[in-house]
Amino acid sequence: MALPQELEALTQAFSGHGVDEKSLISILGKWHPEETKTFRKGTPHFFIDDERQFERWNDERVRLLKHEFMRFKNAVVLWAMHPWERDARLIKEALKKGAKRHEAYGVIVEIACTRSSEELLGARRAYHSLFDHSIEEDVASYIHGNDRKLLVALVSAYRYEGSKLKDDTAKSEAKTLAGAIKNADKKLIVEDDEVIRILSTRSKHHLKSVYKHYKEISGKHLDEDITDLRLKETVQCLCTPHTYFAKLLDATLKIEVDKNTKKAPTRVIVTRADVDMKEIKNEYHKLFGGSLSNKIEEVANGNYKDFLLTLIARGG
């Protein structure tokens, strides 16, 4: 007879992000047929009885489990890739999924706005080699509507990365953004050429100054006043990237989120592990009061959990 603690442990092994391979092996591997039957009977969210009283896997659950078993493999493959190839493939996947899930386009914003100029240029070169197209032409081809102009401009950018800026210009452009937001009921801000110009061509150092001046002018942060999702993500990734990543990790490191949402922790941790993970962990603790490692311990399982914990420890 299967012990209650074994049933609970096995249910837990199948829940969350990834699977607990050691528990599956140690428990399932030694069970006799009657114990396995007890598990099937005791987990109606995994197994169902059909009209013939036949115990069978829930097909939807099997489909989701396949994703969980693949999560560790996908993380390892993504980690081993050249960063340029990794970003190129992530953008291609976002373009394919975006037709049905517009939130997928946020990955394109994330890559375009959090990489250095050379890193983004490298991703564009890798995209040529992998897909025989440019990122720019595929973004313009796949994406329709209000987001197209912004996203084409962002992936085409090659920003100045020095420390020099003209503070008067930054202040003037903060006023320009404030005016565009104020008049958003007359003209969509995402269609404003001046807004697109500022966000897609100015250096990140300059934009952080714009961000500061906007707060002084309006009393609120720029991303708080912007309602358009793509523009909000753009400002956050350019001006407060560590906050953006910390909030994204907290929102997606949950047990009851869909399979697409579960991809975000892998993407963020793999791509930022050797870049700014220490700053992201500090920001996470500041915002949520706990450690990122504890959050991963709570919701992830098995080899996948161990791999994520290893990656976030690289930054100190």
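Everything numeric in this text was worked out from a predicted model, so none of it was measured.
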Looking at side-chain heavy atoms only, is the closest gap between [X] and [Y] below 4.5 Å?
X: Lys66; Y: Arg63; value: no
X: Val107; Y: Lys97; value: no
X: Thr266; Y: Asn74; value: no
X: Gln12; Y: Ser23; value: no
X: Val155; Y: Arg124; value: no
X: Val275; Y: Phe245; value: no
X: Arg89; Y: Lys92; value: no
X: Val270; Y: Arg86; value: yes

Inset, instruction - Would you check, one step at a time, whether the test side chain to side chain contact (heavy atoms under 4.5 Å, CB included) holds for Val76 with Trp79? - result: CA-CA 5 Å; Val76 170; Trp79 173 253; 5.7 Å; no
Can you check whether [Y]'s main-chain N or O pairs, donor with acceptor, with [X]'s side chain at less than 3.5 Å?
X: Glu93; Y: Leu90; answer: no
X: Asp258; Y: Thr261; answer: yes
X: Glu68; Y: Phe14; answer: no
X: His82; Y: Trp84; answer: yes
X: Lys259; Y: Leu65; answer: no
X: Arg148; Y: Ile143; answer: yes

Sequence neighbours excluded, every pair satisfying salt bridge (charged side-chain N to carboxylate O under 4.0 Å, His left out) that has a member inside [range]:
range: residues 218-240; result: Asp147-Arg230, Lys220-Asp225, Arg230-Glu233
range: residues 104-115; result: Asp87-Arg115, Glu110-Arg267
range: residues 204-215; result: Lys212-Glu216

Checking [X] now: which residues fulfil side-chain hydrogen bond (donor to acceptor under 3.5 Å, both in side chains) with it, not counting sequence neighbours?
X: Arg159; value: none
X: Asp59; value: Arg56
X: Lys149; value: Asp193
X: Lys30; value: Glu6

Can a salt bridge be assigned to the pair [X] and [Y] using a cut-off of 4.0 Å between side-chain N and carboxylate O?
X: Arg197; Y: Glu194; value: yes
X: Lys187; Y: Glu191; value: no
X: Asp20; Y: Lys305; value: no

Inset, instruction - Identify, with sequence neighbours excluded, every residue that meets salt bridge (Lys or Arg N to Asp or Glu O under 4.0 Å) alongside Arg40. - result: Glu55
Legend entry - All pairs passing ring pair (Phe, Tyr, Trp, His ring centres under 6.0 Å) where residues 169-216 contributes a residue, at least two apart: Tyr211-His221
Inset, instruction - If a pair satisfies ring pair (Phe, Tyr, Trp, His ring centres under 6.0 Å) and one of its residues is in residues 112-155, list it, with sequence neighbours excluded. - result: Tyr127-Phe131
Inset, instruction - Any chance you could lay out the side chain to side chain contact (heavy atoms under 4.5 Å, CB included) test for Tyr105 and Val109, step after step, and finish with the verdict? - result: CA-CA 7 Å; Tyr105 294 149; Val109 173; 5.9 Å; no
Inset, instruction - Check the angle between the aromatic planes of Phe47 and Phe39 and answer parallel, tilted or perpendicular using the 30° and 60° thresholds. - result: perpendicular
Legend entry - By side-chain contact (heavy atoms from CB on, under 4.5 Å) - contacts of His45 (at least two apart): Thr11, Thr43, Arg61
Inset, instruction - Drop me the distance from Lys73's NZ to Leu78's CG, to the nearest 0.5 angstrom. - result: 10.0 Å
Inset, instruction - Start with the C-alpha gap between Leu309 and Ile312, add the side-chain angles, then the distance that decides, and say whether side chain to side chain contact (heavy atoms under 4.5 Å, CB included) holds. - result: CA-CA 5 Å; Leu309 291 172; Ile312 69 167; 4.3 Å; yes
Legend entry - Lys254, NZ: over 12 other non-hydrogen atoms inside 6.0 angstrom: yes
Legend entry - Cluster link Tyr158 to Leu207, ILVMFWY, side chain under 4.5 Å: no
Under 3.5 Å, which donor-acceptor pairs do the side chains of residues 284-292 form with other protein atoms, sequence neighbours left out?
residue: Tyr284; atom: OH; partner: Asp250; partner atom: OD1; Å: 2.9
residue: Ser291; atom: OG; partner: Ser293; partner atom: OG; Å: 3.2
residue: Ser291; atom: OG; partner: Asn294; partner atom: N; Å: 3.1
residue: Ser291; atom: OG; partner: Asn294; partner atom: ND2; Å: 3.1

